[in-house]
Amino acid sequence: MPRQVSRKPKEGYKDIAAERIQRLLELADKIFEKNRDLADRYVRLAWRIATKYNVRLPLGLRRKFCRKCLSFSRPGVSCRVRIQSGCVVTTCLRCGHVVRLPCKTKKQHKR
Ligand SMILES: [Zn+2]
């Protein structure tokens, strides 16, 4: 008889995953100026952990990298940030991916 192996992940795994993602993105932020390839690698690792454990990244961390090419984005260096008709438009300078985020609050929309 085959041994029963529990495939259910242990409790608290999401917290550990979130911590690791945060740490990796902090490291990417620090190393970016010295070694961009390494920073991109850290982003890819963080993204792999996030997708494996189904962790939702906080907004601050989600904007730190390009979701298409998974490269670390720093405004003015690897991405362009502009404001166009009430939206923050971020363009990745590596792959050209454009992200539009509305910068108006809900109250302003109602007027
Ligand atoms: Zn990109």
Side-chain angles (χ1 to χ4, degrees):
M1 220 174 103
R3 221 177 75 203
Q4 290 262 317
V5 181
S6 170
R7 288 191 187 275
K8 202 178 158 193
K10 283 174 187 167
E11 264 181 53
Y13 68 98
K14 280 200 176 186
D15 294 335
I16 296 165
E19 213 177 286
R20 290 188 69 191
I21 292 161
Q22 195 170 2
R23 178 105 179 97
L24 278 166
L25 290 176
E26 272 171 22
L27 280 172
D29 200 10
K30 275 182 195 166
I31 206 90
F32 181 74
E33 275 166 29
K34 289 175 195 164
N35 192 342
R36 288 190 191 185
D37 291 333
L38 196 57
D40 291 350
R41 186 173 151 70
Y42 287 157
V43 170
R44 258 176 268 132
L45 283 171
W47 184 246
R48 229 162 68 185
I49 294 166
T51 47
K52 186 175 179 182
Y53 295 103
N54 200 14
V55 179
R56 198 172 165 81
L57 296 178
L59 207 66
L61 293 182
R62 243 183 287 164
R63 290 180 188 173
K64 282 200 171 188
F65 57 90
C66 170
R67 282 189 79 150
K68 198 179 178 191
C69 64
L70 293 180
S71 65
F72 191 80
S73 60
R74 179 167 290 174
V77 184
S78 58
C79 72
R80 188 196 307 133
V81 182
R82 296 286 183 270
I83 293 176
Q84 276 172 13
S85 54
C87 282
V88 178
V89 183
T90 311
T91 311
C92 173
L93 297 179
R94 194 185 225 189
C95 67
H97 186 58
V98 181
V99 178
R100 284 188 185 85
L101 295 160
C103 63
K104 281 179 181 172
T105 58
K106 279 182 184 174
K107 273 186 183 176
Q108 282 173 321
H109 273 298
K110 280 179 185 173
R111 274 177 205 166

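Order of appearance sets the numbers: ligands from 1, and atoms from 1 within every ligand.
- Protein contacts to the Zn ion (ligand 1) involving N, O or S atoms at a distance below 2.8 Å are C66 SG, C69 SG, C92 SG, C95 SG.
- For I21 against A46, the heavy-atom pair with the smallest separation is CG1-O, 3.6 Å.
- Formation of a donor-acceptor pair under 3.5 Å by the K64 side chain with backbone atoms of E26 is not found in this model.
- Note: L57 CG to F65 CZ = 5.0 Å, rounded to the nearest 0.5 Å.
- Residue pairs that meet the salt bridge (charged side-chain N to carboxylate O under 4.0 Å, His left out) test with at least one member in residues 33-60, sequence neighbours left out, are E33-R74, D40-R94.
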Applying side chain to side chain contact (heavy atoms under 4.5 Å, CB included), run through C95 and C66 and close with a yes or a no. CA-CA 9 Å; C95 67; C66 170; 3.7 Å; yes
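- T90 contributes no side-chain N or O that, together with a main-chain N or O of R100, makes up a donor-acceptor pair within less than 3.5 Å.
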